[in-house]
Amino acid sequence: MKKVLAILFTFHCSLFTTPAVAQYQTFPEQMERLDRGIVVLPAQEQGIFISWRLLGSDPKDITFDLQRDGKTIAKGLKVTNYTDKKGTANSRYNVITSSRHNNTSTFQNNEISSSGVTPWSDIYRSIPIDRPQDGTTPDGRSYRYTPNDCSVGDVDGDGQYEIFLKWDPSNAHDNSHDGYTGDVIIDCIRLDGTKLWRLNLGKNIRAGAHYTQFMVYDFDRDGHAELICKTAPGSQDGTGRYVTEAADDADILNADNNADYRTQQGRILSGPEYLTVFDGRTGRAVHTIYYRPNRAFGVGGSADYDKQGWGDRAMMGNRGERFLAGVAWLDGPKSRPSAVMCRGYYTPSHLWAVDFDGRKLTTKWFHASTTPHDYYVGDRQGKQTWYHNLAATAYGQGAHSLSVGDVDGDGCDEITYGSAAINNDGTLLYSTGLGHGDALHLSDLDPDHPGLEVFMVHESYPYGADLRDARTGERLWYETARDDTGRGVAADIDGNHRGFEFWHIFNRAVHDIKGNVISNRLPSSNFRIYWDGDLQDELLANRGQRPHFPSFIEKWDGEKAVPLPLSNGKHLYDMGNSASCNWTKATPCLQADLFGDWREEIILWDSSDAAHLNIFTTNIPTPYTVPTLMHDNIYRLSICWQNTAYNQPPHLGYYLPDTQK
């Protein structure tokens, strides 16, 4: 039976009169302190559209009063959006909460009030960003920067998110390619475009989708988000210091920050590797330690890259230079969340769980699947326990992304690592043996099957795709294919079929959650998104045109996916020169529930100058009241790992339509 939610505090319960199907549990300790996130923009036809957050910790009987220019225009609202036909571009709006539980305008101690909010001029907001200067590599080739992956975190404790933006040099490379790259740069930006600080990871961190996975979260639970990522000699923090100055290891403190470890092919195959935690408020490096595993398979050192360990040819630095990362509550909600930094998935797979107590980074555990039959788990004292499993390990099972959530109901998060899963203590939970793949989806895909499920496509023979039980790895559906199945999606696009639908590119058919074919008209295989106000997913698609593969929204009509124009009749690509990221992957800079009601926002970038981010939000009314998606643990952690390698869309940990029964 699925897990029962906490009766008062867990937010899903606030939606049920009687819970027909118990859902994934999110604990109050896992919910960030957020304000109401009021967003105001032109309505579809006349007036002004206003939406705001329902918090996960809100009581069931909460209602909202809406004020325009200090005067109440609507009272006792149960929904979290409203169309004010008399509103104008100069109106200012406030939302006042009330409840019998505590009949005041700030009924909870952690309620954050907001001042009057004025309308946007359109359904997107363009914010200026500081594009880094162009550069030249040692071989004389020039490059320029464009905005790339983003993440969010509240660095100053005001209940609003700041944006963390990774800049992509035009010469960024896949691991399989030679070539110099420009420096990797990360900015922290307020929602109005104010730059708080900038990191430069330096010449010894190569640019590309597989190298820099940056985790943004409140790791020490002090109410302020931090950033954790891989660094190297020459990396500089937001104050201009070298990250080595934040170490307490003598070798790191004495590192040569002028050293250049790049080869003539532009690869970085030697030199020490570090992990650094940065203060979200200032960008200052708080602590730096050696990355695990380092290139020499030790804790530290700068020995040459061990090509035999990863199966690479000619010192390519391909398989061993592929990194993933996530955030997980490995000891449950009463503890601190951990950063899980990962290396390798084609052959050896390593997962390193790291804690931050506000001062120091420490190892929680270190998992190494070294062969198809052997793995070990070490702890912070350096003790190792070997496991010999003739069935499987995580060796060769990882994907180009990962997912995180409590799949076994023990209150602690596990890591879904491609075709394998790692338990919260670092041991292997299971492995299906189906091998590596590009796309991965974890959610309550089948609401009538106990627990969570995983849908994954595969690059290894016999290829294809599978649907499995997220706790046991039991196959619920499986289909082979003739070749690498590079794309596949699971999303609840059709309200006529209970549960999610899924599809992949080698079988041009859409299946219901039981595996039955419901259509032979394949929709896009990119991101799913909540946009138009019903309880089903829309799809974030792209036009397939170079250089930036412009994005638009699709809607499933029961037989096929059709373009869904925005309220002004335009599409995302028609507005603000909006462009996607990561070439053919055509992903947004970020998709997340950043503010307003439970529908999601889309961040794209302006291709005309690469100096603006365009944040889109919906102005379509919805009758449904859903707590902010960011107060669901699986969804919130999806936003943390969304920037990892081949970006995947976020999912909830529960089946949304069941919450409205």
Side-chain angles (χ1 to χ4, degrees), residues 34-45 47-55 66 79-84 87 89 91-93 95 114 117-127 147 150-152 159-163 165 189-193 527-534 537-540 551-555 564-580 587-606 612-631 635 639 642 649-650:
L34 298 173
D35 69 5
R36 288 292 163 190
I38 304 171
V39 62
V40 183
L41 58 154
Q44 286 189 299
E45 296 180 358
I48 298 296
F49 178 80
I50 311 100
S51 74
W52 58 93
R53 289 187 181 109
L54 177 69
L55 301 176
L66 182 64
V79 295
T80 52
N81 65 98
Y82 186 85
T83 299
D84 177 18
S91 300
R92 299 181 69 89
Y93 292 89
V95 171
S114 60
V117 179
T118 56
W120 294 5
S121 61
D122 211 326
I123 62 171
Y124 79 101
R125 184 177 187 179
S126 179
I127 65 172
C150 293
S151 191
V152 292
Q160 299 180 20
Y161 288 119
E162 279 71 48
I163 298 172
L165 165 64
I189 306 165
R190 295 194 190 278
L191 288 174
D192 64 1
F527 272 40
R528 39 93 15 232
I529 185 171
Y530 294 122
W531 186 263
D532 71 353
D534 62 23
D537 290 305
E538 284 68 58
L539 298 173
L540 186 58
S551 298
F552 65 99
I553 296 172
E554 281 186 339
K555 179 72 176 175
L564 178 66
L566 304 175
S567 61
N568 56 11
K570 297 181 179 180
H571 293 282
L572 298 171
Y573 57 75
D574 291 321
M575 307 185 71
N577 306 292
S578 294
S580 59
T587 57
C589 297
L590 184 71
Q591 176 189 308
D593 182 11
L594 299 177
F595 38 69
D597 62 30
W598 56 276
R599 274 81 60 81
E600 294 168 280
E601 280 66 51
I602 303 166
I603 302 181
L604 301 170
W605 59 279
D606 187 330
H612 290 82
L613 292 179
N614 296 333
I615 307 177
F616 289 84
T617 191
T618 186
N619 62 352
I620 302 173
T622 179
Y624 301 108
T625 303
V626 179
T628 174
L629 309 188
M630 299 294 258
H631 275 177
Y635 184 92
I639 304 308
Q642 188 180 135

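Treat the numbers as computed from the prediction; the structure is a model and nothing was measured. Count residues from 1 along the sequence. Atoms considered below: every heavy atom in the structure, side chains included; atoms not considered: hydrogens, waters and symmetry mates.
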Does a salt bridge link R599 with D597, judged by any charged N lying under 4.0 Å from a carboxylate O? yes
Any non-hydrogen side-chain atom of [X] less than 4.5 Å from a side-chain atom of [Y]?
| X | Y | answer |
| --- | --- | --- |
| L540 | S551 | yes |
| D534 | K555 | yes |
| I50 | I38 | yes |
| I553 | L572 | yes |
| S126 | L613 | no |
| Q44 | T83 | no |
| I529 | P649 | no |
| T628 | L54 | no |

Please report the shortest heavy-atom distance between [X] and [Y], naming the atom on each side.
| X | Y | answer |
| --- | --- | --- |
| Y573 | F552 | CE2-CB, 3.8 Å |
| Q642 | F527 | OE1-CE2, 3.5 Å |
| N614 | G576 | ND2-O, 2.9 Å |
| P650 | E600 | CG-OE2, 3.7 Å |
| W52 | L66 | CZ3-CD1, 4.4 Å |
| P623 | G533 | CD-O, 4.2 Å |

Are the side chain of [X] and the backbone of [Y] linked by a donor-acceptor contact shorter than 3.5 Å?
| X | Y | answer |
| --- | --- | --- |
| W605 | C589 | no |
| N577 | A579 | no |
| E538 | W531 | yes |
| N81 | T622 | yes |
| Y635 | D593 | yes |
| R36 | R53 | yes |

Find the distance between [atom1] ([X]) and [atom2] ([Y]) and round it off to the nearest 0.5 Å.
| X | Y | atom1 | atom2 | result |
| --- | --- | --- | --- | --- |
| S151 | Y161 | OG | OH | 9.5 Å |
| I48 | S91 | CD1 | OG | 6.0 Å |
| H571 | E554 | NE2 | CD | 10.0 Å |
| L566 | M575 | CG | CE | 6.5 Å |

For the side-chain contact (heavy atoms from CB on, under 4.5 Å) test, which of I123, I602, I163 pairs with I615?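 With I615 as partner, side-chain contact (heavy atoms from CB on, under 4.5 Å) holds for just one option, I163.
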Holding to salt bridge (charged side-chain N to carboxylate O under 4.0 Å, His left out), I want the full list of residues that pass it with D84, two or more places apart in sequence or in another chain.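 Counting only residues at least two positions away or on another chain, D84 forms a salt bridge (charged side-chain N to carboxylate O under 4.0 Å, His left out) with R68.
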For the pair T80 and S51, evaluate side-chain contact (heavy atoms from CB on, under 4.5 Å) and give the outcome as yes or no after the intermediate values. CA-CA 6 Å; T80 52; S51 74; 6.0 Å; no
Can you label the angle between the Y124 ring and the F616 ring as parallel, tilted or perpendicular, going by 30° and 60°?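 Rings of Y124 and F616: parallel, under 30°.
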Side chains of Y530 and Q591: is there a donor and an acceptor less than 3.5 Å apart?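 Short answer, no.
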From CA spacing to verdict: side-chain contact (heavy atoms from CB on, under 4.5 Å), F49, V39: CA-CA 8 Å; F49 178 80; V39 62; over 6 Å; no
Of N619, T618, D122, the one forming a side-chain hydrogen bond (donor to acceptor under 3.5 Å, both in side chains) with S567 is N619
Given W120 and T617, is the side-chain contact (heavy atoms from CB on, under 4.5 Å) satisfied, shown in steps? CA-CA 10 Å; W120 294 5; T617 191; 3.6 Å; yes
E162 meets the side-chain hydrogen bond (donor to acceptor under 3.5 Å, both in side chains) criterion, sequence neighbours left out, with none
Apply side-chain contact (heavy atoms from CB on, under 4.5 Å) to the pair I639 and M630, showing each step before the final yes or no. CA-CA 9 Å; I639 304 308; M630 299 294 258; 3.8 Å; yes
